[in-house]
Amino acid sequence: MILDPFYPIFDSSAWMKRLVPLGIRQAQLRIKSDDLDLVRTEALDSMEICQRNNCRLFLNDHWQLAIELGCDAVHLGQEDLELANLSQISEAGISLGVSTHSKKELARALSTSPCYVAIGPIYPTILKKMLWLPQGLERITEWKSRAGSTPIVAIGGLNPERGIAALERGADCVSVVTDITLNSQPEQQVSHWLEITDPYRKSSFTGVQT
């Protein structure tokens with residue numbers, strides 16, 4: 001899979017509607033809720049927005065719902081990876097991205113033939129309490145050498161300056177949450193991210209292409 005170098009994560013379809021039309025080509029919907037009806041509604045709305053704007057959508061955690069709705073892709077953490085039916089995900093033609101924090105987790109993730117492996121947090125993050133210490137930029141280079149042709153996504157505490165540093169260290173893509181959603185001018189920040197990551201954007205990338 002060809003990844004766009006900019007990969008924002010949103011917790012609602014309202015954010016998708018507001019920001020995806022600015023030119024985002026790849027986004028994740030991450031809703032931490034056990035209310036499946038809510039997640040389904042948000043996912044359907046996000047799918048419509050992304051399809052209309054040629055943006056690939058990853059659904060976080062809810063792999064069964066991703067199969068039901070026919071999502072482009074799903075992202076799983078290590079705990080979700082243990083519970084998910086990877087054969088069903090593959091048979092449905094849904095691409096799989098996986099979070100990793102250690103060499104053991106990386107090896108496990110690579111055994112699933114993912115479309116990418118994410119590494120983080122690269123820097124301290126306020127998004128959620130992490131069991132893992134910040135990985136640092138050096139770990140990106142190490143992951144890249146171990147992952148072979150599998151793309152690497154860097155996440156955690158990234159701002160534009162740190163994001164470019166991560167791309168220069170070998171990340172194929174940088175994932176951003178609070179730098180956008182907590183920004184006083186999120187539209188301008190998205191436009192800035194799109195501009196600074198453009199030199200790393202492969203000309204053949206076309207959004208929903210797999």
Side-chain angles (χ1 to χ4, degrees), residues 1-11 24-30 32 56-61 63 66 72-84 86 89 94-182 193 196-197 199-202 205 210:
M1 172 184 284
I2 299 174
L3 293 182
D4 191 76
F6 178 53
Y7 183 20
I9 297 176
F10 302 120
D11 63 3
I24 293 171
R25 289 289 172 261
Q26 183 175 274
Q28 182 184 136
L29 179 66
R30 179 165 66 188
K32 297 299 183 180
R56 179 190 292 134
L57 177 67
F58 282 82
L59 182 61
N60 182 273
D61 290 351
W63 62 273
D72 299 323
V74 65
H75 176 91
L76 298 179
Q78 288 290 316
E79 292 182 1
D80 300 294
L81 194 62
E82 290 184 5
L83 302 175
L86 301 183
I89 294 173
I94 295 176
S95 300
L96 172 65
V98 182
S99 293
T100 66
H101 311 86
S102 68
K103 295 176 183 178
K104 181 179 179 180
E105 290 184 355
L106 176 62
R108 182 186 182 199
L110 291 173
S111 72
T112 69
S113 300
C115 65
Y116 70 72
V117 291
I119 175 175
I122 303 303
Y123 292 94
T125 175
I126 63 173
L127 182 63
K128 59 182 179 179
K129 187 175 182 179
M130 298 294 294
L131 298 175
W132 302 91
L133 294 174
Q135 305 277 354
L137 293 172
E138 295 79 10
R139 190 60 67 90
I140 296 173
T141 306
E142 179 184 354
W143 252 230
K144 186 66 177 177
S145 66
R146 291 175 178 271
S149 61
T150 302
I152 300 296
V153 174
I155 186 172
L158 298 181
N159 57 28
E161 181 180 359
R162 290 172 171 179
I164 292 302
L167 291 168
E168 290 177 347
R169 288 299 186 100
D172 298 277
C173 173
V174 288
S175 193
V176 185
V177 187
T178 57
D179 188 67
I180 294 171
T181 59
L182 295 185
W193 272 102
I196 65 173
T197 55
Y200 300 88
R201 189 163 287 113
K202 294 179 173 61
F205 181 76
T210 58

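Residue indices begin at 1 and follow the sequence shown.
- Taken from CD1 in I152 to CG in L106, the straight-line distance is 6.5 Å, to the nearest 0.5 Å.
- When side chains are defined from C-beta on, Y123 counts as touching L137, because their heavy atoms get closer than 4.5 Å.
- Residue L167 holds its CG atom at 10.0 Å from CZ of R201, rounded to the nearest 0.5 Å.
- Figure legend: cation-pi geometry between R30 and F10 absent, as NZ or CZ is not positioned both under 6.0 Å from the six-membered ring centre and within 45° of its axis.
- Taking 4.0 Å as the cut-off between side-chain N and carboxylate O, K144 and D172 count as a salt-bridged pair.
- Salt bridge E105/R108: absent, no basic N to carboxylate O contact under 4.0 Å.
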field: Worked check of side chain to side chain contact (heavy atoms under 4.5 Å, CB included) between D4 and Y200
entry: CA-CA 8 Å; D4 191 76; Y200 300 88; over 6 Å; no
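- What you find for Q135 and G120 is that their closest heavy atoms are NE2-O, 3.5 Å.
- Atoms CD1 and CZ, on I122 and R139 in that order, are 9.0 Å from each other to the nearest 0.5 Å.
- Checked by atom type and distance alone, the side chain of R162 pairs as donor or acceptor with a backbone atom of G157 at under 3.5 Å.
- Note: H75 and Y116 have parallel aromatic rings, judged against thresholds of 30 and 60 degrees for the angle between ring planes.
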message: Does D11 form a side chain to side chain contact (heavy atoms under 4.5 Å, CB included) with L29? I'd like the steps, not just the answer.
response: CA-CA 6 Å; D11 63 3; L29 179 66; over 6 Å; no
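- Listed by chain and residue number, W193 satisfy the ring-ring contact (aromatic ring centres under 6.0 Å, His included) test with F6 (two or more places apart in sequence, or in another chain).
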task: Please report the C-alpha distance between F58 and V74 in whole Å, then the side-chain angles of each, then the deciding distance to 0.1 Å, and finally whether the side chain to side chain contact (heavy atoms under 4.5 Å, CB included) criterion is met.
output: CA-CA 5 Å; F58 282 82; V74 65; 5.9 Å; no
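- For the pair Q26 and C173, the minimum side-chain heavy-atom distance is below 4.5 Å.
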task: Show the numbers, then the answer: is there a side chain to side chain contact (heavy atoms under 4.5 Å, CB included) between I24 and Y7?
output: CA-CA 8 Å; I24 293 171; Y7 183 20; over 6 Å; no
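- I9 approaches T181 most closely through the heavy-atom pair O-CG2, 4.5 Å.
- Within the 3.5 Å criterion, the main-chain N or O of P5 finds no donor-acceptor partner in the side chain of T197.
- A 4.5 Å side-chain heavy-atom check between L96 and I94 finds every atom pair outside the cut-off.
- P114 and A109 make their closest contact through CD-O, 3.2 Å (heavy atoms, listed as atom of the first residue, atom of the second, distance).
- Between A84 and I89, the shortest heavy-atom contact is CB-CD1, 4.2 Å.
- With D72 contributing its side chain and L57 its backbone, the two residues share a donor-acceptor pair below 3.5 Å.
- Residues K103 and E142 form a side-chain contact, since some pair of their non-hydrogen atoms from C-beta on lies under 4.5 Å apart.
- With hydrogens and angles ignored, the 3.5 Å screen pairs no side-chain donor or acceptor of S175 with any backbone N or O of A154.
- Counting only heavy atoms from C-beta outward, the side chains of D179 and L158 never approach each other to under 4.5 Å.
- Taking CG of L110 as the reference point, atom OG1 of T112 lies at 7.5 Å (rounded to 0.5 Å).
- Ion pairing between K32 and D61 holds under the 4.0 Å rule for side-chain N and carboxylate O.
- Taking every heavy atom of both residues into account, I119 and I140 meet most closely at CD1-N, 4.3 Å.
- When side chains are defined from C-beta on, R56 does not count as touching R25, because their heavy atoms never get closer than 4.5 Å.
- Annotation for A166 and V174: closest pair CB-CG1, 3.9 Å, computed over non-hydrogen atoms.
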